[in-house]
Structures are given as structure tokens and as C-alpha cells.
Amino acid sequence: IQDLPDDEWEARFDEVSARMNRLTIPSDRAATQLVMIEALLRIKTDHARALPILVDLLDTNPNLRADLRRDFVVQAIDSARALGDNRIAADFAARFLEDYAYDPRAGAIQAFLEESTP
């Protein structure tokens, strides 16, 4: 992850994105997705581009380390909420509560889920 001038940053990001479909080893693809998500959120605060990568990462990598999965499910909730997509946020909130009911963030996620569902 590097902070580069916008045009160079976008060019490098596009280059990595274009190579994503050629990554056939699941762990390589997941590692690349993790870096892309981190770069989009930490450097660009770009939830719109990060969310689809998050969804793909979480849906296609059932063996993702538990601590990473837990944190990235929370990030998917946060990104979906930032984009106003309560359906996706609620779906991930329900997953989180099912898998991590004893996490300290569960109460806040439960409250969100209750207020977002009619």
C-alpha cells in the first residue's frame, strides 16, 4: 500500500484489478483482495469500490482466518451502511451475529439490525 499521486495510484490499482481474475490459487486471490480493500479504505476511503471486493472475499473464502473474517464482516457492514445499502449491511450483520455472538461489537450490530429491519 502506497500513497501515490492520484493518477499513478489509480493506474496501479487498475493493473492489480485486471490481474485478479488470473489468480487461481484461493489464498493468493484472498491476499490480493485484502491488500486492495485496505488500500481503498485507508488511502481513498472508497467504500463503493471496496464493498464488492469485500463481498467476494467473504463469500468465496470460507477458510479465511477467523479474526480476519470477523473484522472484514464488520467492515462490510460499515461500508454498506456508508453507501446506504441497508440490505447488504443487514445480511452481513446477521452473519456476524450468527458466527460471533460473543464479540464485543455484537450489541451494536444487533441494535443496527433491529432498527434497520421493519
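Note that the structure is a prediction, hence the values are computed from the model and not measured.
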A.B. asks: List the residues meeting side-chain hydrogen bond (donor to acceptor under 3.5 Å, both in side chains) with R65, not counting sequence neighbours, and say none if there are none.
C.D. replies: D67

A.B. asks: Enumerate donor-acceptor pairs with a distance under 3.5 Å from any side-chain N or O in residues 52-62 to protein atoms, sequence neighbours excluded.
C.D. replies:
unit_1	atom_1	unit_2	atom_2	d
D56	OD2	R29	NH2	3.1
D56	OD2	Q33	NE2	2.5
D59	OD1	R95	NH1	2.9
D59	OD1	R95	NH2	2.8
T60	OG1	D56	O	2.6
N61	ND2	L57	O	2.9

A.B. asks: D6: what forms a salt bridge (charged side-chain N to carboxylate O under 4.0 Å, His left out) with it, not counting sequence neighbours?
C.D. replies: K44

A.B. asks: How would you list, by chain and number, every residue that makes a side-chain hydrogen bond (donor to acceptor under 3.5 Å, both in side chains) with R70, sequence neighbours excluded?
C.D. replies: D103

A.B. asks: Taking all non-hydrogen atoms of both residues into account, name the closest pair between L97 and A106 and its distance.
C.D. replies: CD2-O, 3.5 Å

A.B. asks: With sequence neighbours left out, which residue pairs that include part of residues 60-102 fulfil the ring pair (Phe, Tyr, Trp, His ring centres under 6.0 Å) condition?
C.D. replies: F96-Y100

A.B. asks: Could you give the side-chain donor-acceptor pairs of residues 77-84 under 3.5 Å, partners two or more places apart or in another chain?
C.D. replies:
unit_1	atom_1	unit_2	atom_2	d
S79	OG	H47	ND1	2.8
S79	OG	Q75	O	3.2
S79	OG	Q75	NE2	3.0

A.B. asks: Identify, with sequence neighbours excluded, every residue that meets salt bridge (charged side-chain N to carboxylate O under 4.0 Å, His left out) alongside E15.
C.D. replies: R19

A.B. asks: Going by the rule salt bridge (charged side-chain N to carboxylate O under 4.0 Å, His left out), which residues pair with D99 if we only count those two or more places apart in sequence or in a different chain?
C.D. replies: none

A.B. asks: Hey, could you give me the CH2/CZ distance between W9 and R12, rounded to the nearest 0.5 Å?
C.D. replies: 11.5 Å

A.B. asks: Please round to the nearest 0.5 Å and tell me the distance separating atom CE of M36 and atom CG of D46.
C.D. replies: 11.0 Å

A.B. asks: Can you list the residues that meet the salt bridge (charged side-chain N to carboxylate O under 4.0 Å, His left out) rule with R87, with sequence neighbours excluded?
C.D. replies: D91

A.B. asks: Take R105 and D71, measure what side-chain contact (heavy atoms from CB on, under 4.5 Å) needs, and give me the verdict at the end.
C.D. replies: CA-CA 10 Å; R105 297 169 284 192; D71 290 344; 3.1 Å; yes

